[in-house]
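Notes follow once the structure below has been shown.
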Amino acid sequence: MDEILINFLGNDIIAYTLMAFVPLVWIVPYALFAVYLERKVSAHMQDRLGPMYTGGWHGWAQTIADILKLIQKEDIVPSSADKKLHLLSPYVVFIGSYAAFATIPFSSAYIGSNINIGLFYVIAVSSLVVAGLLMAGWSSNNKWSLFGAMRSAAQIVSYEIPSSLALIAVVMIAGSLNLQEINQMQSGWFWNWYVFKYPPFVFLAFVIYFVASLAETNRTPFDMPEAESELVAGYHTEYSGMKFALFFLAEYANMFAVSAIAATVFFGGWNSPFGEFLGGPLWGVFWFLSKGMFFIFIQMWLRWTLPRLRVDQLMYVSWKVLTPWAFVCIVGVGLWTLL
Amino acid sequence: MTLYEAIFYFFAIITLVSAGIVVFSKNVIHSAFSLLFTFFGVTGIYVLLNADFIAVTQLLIYVGGILVLLLFGVMLTNKVIDVELKTGTLQTVPASIIVASIAGVLCGVFYITDWKIIPASMDATKSTTAGLGEMFMTTYLLPFEVASVVLLVALVGAAMIARKERTVE
């Protein structure tokens with residue numbers, strides 16, 4: 001796609017800038033839809049109706065009304081806040097989550113940057129989010145914000161280890177860190193997807209990755225950073241208006257990024273489940289997005305089903321359950337490849 | 001000015017300005033956070049040098065590990081309210097001697113080393129990762145393993161020191 005754009009526009013700077021905006025064109029409507037979906041899913045799980053009035057049919061315009069409200073809101077900066085950092089942190093957090101989309105292949109024809117270390121890059125760039133969260137927590141000068149940011153950072157840093165180890169199991173099969181290549185190797189029917197390879201090791205790796213990714217995106221059962229009953233709203237307690245919206249957008253972008261990685265690495269990404277049937281670049285976008293949205297739905301499902309973990313249980317799950325089993329996956333896949 | 005040069009100067013300015021803030025800021029938290037931008041700028045320069053693996057490792061280790069550790073250290077050792085952290089100029093003479101000698105050594109190494117100039121390949125998809133991995137598993141296997149053992153010992157040591165055995169009452 002980049003070569004076509006460069007030829008068409010005749011200028012590589014404009015072409016690459018346009019390329020960089022493609023994921024944003026997806027993320028913003030997706031976030032609007034996902035917030036609506038979250039409210040509907042939660043409502044139906046609790047035998048409620050959720051938003052029903054705005055826009056007529058099942059309250060479909062509720063999140064559009066919400067975002068219009070957020071745009072109009074006054075931007076409040078606490079008087080004792082560290083103003084520069086308070087202003088900067090929503091951008092750092094959003095840049096961290098948006099940067100991950102640079103190497104995620106949306107289809108066989110579109111990938112932001114087809115670099116050879118794509119998967120490693122996605123893992124590394126999410127560390128910008130951690131720094132941004134700590135920035136938000138500190139600069140708000142509020143104890144809830146600070147504790148929320150601390151918990152969030154501790155959680156993300158410790159769950160990065162099992163999630164990276166689980167991905168290494170797949171990298172060992174593929175022999176490549178390039179996400180586009182990992183995708184191409186899973187083409188064909190759905191039994192070529194890596195999740196069905198070397199049972200049960202890769203499936204176990206997928207489960208470990210998915211649980212760890214829930215923790216990395218601060219979703220329930222790992223949502224202690226924003227535990228409402230203890231911390232008001234965690235690191236974004238002191239943010240209002242568009243800055244709050246930016247945090248929210250970053251959170252939903254992050255949810256999609258981890259779902260997209262799970263879909264790409266374990267479930268064939270843009271590959272059609274039925275071989276050549278409904279294949280091709282455009283259907284690829286459809287398959288990729290629907291696989292991503294499926295994992296988003298599972299995240300919501302778990303959020304409204306499971307209670308929150310305690311801090312000690314959280315660390316127990318990461319270090320004594322997920323990390324050893326991730327090593328079992330690596331050794332299992334390694335032995336199986338050798339045999 | 002080509003695009004490449006423009007991007008280089010962009011990252012170089014980010015690195016230098018934020019490094020200046022790290023050194024001259026009177027607020028320790030501001031220093032720590034501007035270190036984030038210094039690391040980011042250095043990462044950009046590594047990318048321009050086609051050192052993709054080192055660039056991403058830089059981001060992972062320095063931003064994700066060391067910077068977060070630094071921030072935790074600063075935040076946990078001070079109260080949230082009234083931030084009274086000061087940096088001042090102390091011990092000027094020994095500091096300038098040490099800095100001058102380190103700078104001398106660095107410049108010396110810079111001039112003595114026989115730099116090999118390889119024409120920059122514009123093929124961005126060419127990876128250094130596979131080559132690095134092979135080198136680690138063949139030529140540099142012993143240093144690689146020794147480094148991992150050193151890290152393991154540090155990890156076990158840290159856990160030993162930090163963990164106090166609680167007696168059940």
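These figures come from a predicted structure and were not determined experimentally. The chains referred to below are lettered A, B, ... by the order of the sequence lines, with proteins before strands, and numbering in each begins at 1.
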### Query
Given side chains that start at C-beta, do those of A:Leu128 and B:Leu36 come closer than 4.5 Å, heavy atoms only?
yes
#### Entry: Closest approach of B:Phe72 to A:Ala154 (non-hydrogen atoms, all atoms of both residues)
CZ-N, 4.0 Å
Can you tell me if [atom1] on [X] sees more than 12 non-hydrogen neighbours from other groups inside 6.0 Å?
X        : atom1 : result
B:Tyr62  : OH    : no
A:Gln313 : CD    : yes
B:Tyr46  : OH    : no

### Task
Pull out the residues in residues 53-60 of chain B that come under 4.5 Å of chain A, heavy atom to heavy atom, sorted by number.
B:Phe53, B:Val56, B:Thr57, B:Leu59, B:Leu60
#### Entry: Residue part contacting chain A, namely of B:Phe37, when any heavy atom lies under 4.5 Å
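Interface part for B:Phe37: side chain.
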Please flag which part of [X] lies under 4.5 Å from any non-hydrogen atom of chain B: side chain, backbone, both or neither.
X        : answer
A:Val92  : side chain
A:Ile156 : neither
A:Leu134 : both

